[in-house]
Amino acid sequence: MIIKQKPKADLKMVVKGRSVSYNDKGKGKMPIIFLHGFPFDKSTWQPQMDALAVTHRVIAYDIRGFGKSEAGAEKPNIRLFADDLVQFMDAMEIQKAIVCGLSMGGYILLNAVFRYANRFEAIVLCDTQCITDSPEAKEKRKQTIKQIKGNGIKNFAQAFTKSVFCQETMDKNKELVENTHNIVLANSFDAITETLGALTRRKETCSTLGLIDVPVLILCGKEDIITVPAQSELLHRSIEQSKLHFIKKAGHLSNLEQPEEFNKHLLKFVSGISKK
Ligand code: MLT
């Protein structure tokens, strides 16, 4: 008889007066921390948490306002989210970690690695970019906020979910599409609209890439239409010691669309780091 392991309950910790929900699995000297994209939650790292916990300590937390983490009183911005990461590490008594961020998680990581260089052993940038929003993208986000304020998050959740997957995933992995849609819908109106504002106000980080002094892995879905492959190529060209892999048959959520391929690259990279 196969006994299915029950997922461990979420853990909770108060960091600077704000409750943060997280998962912490496995054992290892160098923890790997996962930062999710917008507008998702820590559960979007489940396939990586499960696979890597066999050999490493893996941690994923809900970014403020998302999942089960409190939003706090401050107006959200990427720099604040980067400070949150380091404060979370302090509270967990983690001096250094390998940190892996997808999309908005990558924006946070690129902000943090520049300002807190000595807290990172290595970084993994997934389906992300260093540029800021173009005027057209800013206008689009403004319209999206307006539309959500007028009609609620239902239409937004449907359209956004469609945009994060490649056609093959949409056609063949309906369960993943539905689960992801539900994660978007479970987030609050405020978290979504205010974080859209934070995304559009974010500063570029391209000019700081040359200063990154740790091993970097870049992964990107070949069919990502949100943070397009050319942006990963730009990261790769600008970060001397980086490795780049494109994931076939994947859009923006490459870690969920092709978890085996994604995990293969991630595991190889982190195993190389932990041996050093
Ligand atoms: C994300 O997945 O975090 C977002 O799509 C990022 C963005 O919209 O810029």
Side-chain angles (χ1 to χ4, degrees), residues 13-22 24 30-42 44-45 58-67 69-133 141 187 191-192 194-219 226-227 231-232 234-235 238-239 242:
M13 186 168 53
V14 175
V15 184
K16 300 248 166 190
R18 191 179 56 83
S19 171
V20 178
S21 175
Y22 67 102
D24 186 349
M30 184 55 63
I32 306 164
I33 301 178
F34 291 95
L35 300 173
H36 64 80
F38 166 89
F40 305 113
D41 66 23
K42 61 183 176 316
T44 52
W45 287 114
V58 286
I59 298 166
Y61 69 86
D62 287 328
I63 289 166
R64 65 164 71 210
F66 294 94
S69 285
E70 282 175 358
E74 299 94 327
K75 186 173 174 159
N77 65 74
I78 297 298
R79 188 183 166 95
L80 176 71
F81 294 164
D83 292 340
D84 287 346
L85 164 65
V86 174
Q87 285 162 10
F88 175 78
M89 288 168 72
D90 289 344
M92 296 285 282
E93 297 182 0
I94 294 172
Q95 177 50 36
K96 263 192 173 188
I98 300 171
V99 182
C100 173
L102 187 136
S103 197
M104 176 177 75
Y107 304 162
I108 297 168
L109 188 47
L110 284 171
N111 183 301
V113 76
F114 172 58
R115 293 191 298 124
Y116 301 100
N118 64 345
R119 305 301 297 267
F120 300 91
E121 185 71 16
I123 63 171
V124 186
L125 299 167
C126 320
D127 298 275
T128 194
Q129 57 194 4
C130 60
I131 55 168
T132 188
D133 275 3
R141 291 215 210 257
N187 281 312
I192 292 182
E194 291 188 15
T195 309
L196 274 167
L199 289 172
T200 205
R201 287 190 303 274
R202 79 182 188 279
K203 304 256 183 323
E204 63 82 29
T205 48
C206 307
S207 54
T208 62
L209 296 176
L211 302 170
I212 297 177
D213 192 22
V214 291
V216 179
L217 172 65
I218 302 162
L219 297 173
I226 297 186
T227 46
Q231 290 303 325
S232 284
L234 171 63
L235 292 174
S238 314
I239 310 173
S242 62

Rounded to the nearest 0.5 Å, how far does OG1 of Thr200 lie from CG of Asp133?
4.0 Å
Are any of the side-chain heavy atoms of Phe38 and Ile63 separated by less than 4.5 Å?
no
Heavy-atom distance under 4.5 Å between the side chains of Leu35 and Val99, does that happen here?
yes
Let me see the working for Asp90 and Arg119 under salt bridge (Lys or Arg N to Asp or Glu O under 4.0 Å), right down to the final yes or no.
CA-CA 10 Å; Asp90 289 344; Arg119 305 301 297 267; 2.8 Å; yes
For a 4.5 angstrom cut-off between non-hydrogen side-chain atoms, does Phe40 reach Ser103?
no
Looking at Arg64 and Asp83, does any basic side-chain N land under 4.0 Å from a carboxylate oxygen?
no
Donor-acceptor check, side chain of Arg201 to backbone of Ile78, threshold 3.5 angstrom: yes or no?
no
Hey, does Phe81 have a side-chain heavy atom less than 4.5 Å from the side chain of Thr195?
yes
In this structure, CD1 of Ile131 is separated from CD of Glu204 (nearest 0.5 Å) by 10.0 Å
Under the disulfide (SG to SG under 2.5 Å) criterion, do Cys206 and Cys130 qualify, and how do the steps go?
CA-CA 5 Å; Cys206 307; Cys130 60; 2.2 Å; yes
CG (Leu234) and CD (Gln129) are apart, to the nearest 0.5 Å, by 9.5 Å
How close do Asp41 and Gly67 get, counting heavy atoms only, and between which atoms?
CB-CA, 3.8 Å
Pairwise side-chain contact, Lys42 with Asp62, heavy-atom cut-off 4.5 Å (strictly under)
yes
Verify side chain to side chain contact (heavy atoms under 4.5 Å, CB included) between Tyr61 and Ile33, making sure each step is shown before the conclusion.
CA-CA 8 Å; Tyr61 69 86; Ile33 301 178; 4.1 Å; yes
Does any part of the side chain of Tyr107, heavy atoms only, come nearer than 4.5 Å to the side chain of Thr205, both counted from C-beta?
no
Closest heavy-atom contact between Cys126 and Trp45?
SG-CH2, 4.2 Å
Show your reasoning for whether side chain to side chain contact (heavy atoms under 4.5 Å, CB included) applies to Arg202 and Met104.
CA-CA 10 Å; Arg202 79 182 188 279; Met104 176 177 75; over 6 Å; no
Looking at Ser242 and Val216, would you say the former's side chain and the latter's main chain have a donor-acceptor pair under 3.5 Å?
no
Taking all non-hydrogen atoms of both residues, which atom of Met13 and which atom of Tyr22 are closest, and how far apart?
CB-CE2, 3.7 Å
At their closest point, which heavy atom of Leu85 faces which heavy atom of Ala112, and how far apart are they?
CD2-CB, 4.1 Å
When you look at Phe120 and Ile212, which way does the side chain to side chain contact (heavy atoms under 4.5 Å, CB included) test go after all the steps?
CA-CA 10 Å; Phe120 300 91; Ile212 297 177; over 6 Å; no
Report the C-alpha separation of Ile32 and Val124 in whole Å, then their side-chain angles, then the decisive distance to 0.1 Å, and conclude whether the side chain to side chain contact (heavy atoms under 4.5 Å, CB included) test is met.
CA-CA 10 Å; Ile32 306 164; Val124 186; over 6 Å; no
Does any part of the side chain of Leu125, heavy atoms only, come nearer than 4.5 Å to the side chain of Ile239, both counted from C-beta?
yes
Atom of Met92, atom of Ile59 and distance for their closest heavy-atom approach
CE-CD1, 3.9 Å
Separation of Leu209 CG from Phe114 CZ (nearest 0.5 Å)
10.5 Å
How far does NZ of Lys96 sit from CE of Met30, to the nearest 0.5 angstrom?
6.5 Å
Heavy-atom side-chain proximity of Gln87 to Arg18 below 4.5 angstrom
no
Got a donor-acceptor contact below 3.5 angstrom from the Arg79 side chain to the Lys203 backbone?
no
From CG (Leu199) to OG1 (Thr132), nearest 0.5 Å
10.0 Å
Between Asn187 and Pro39 the two heavy atoms that sit nearest each other are ND2-O, 2.8 Å
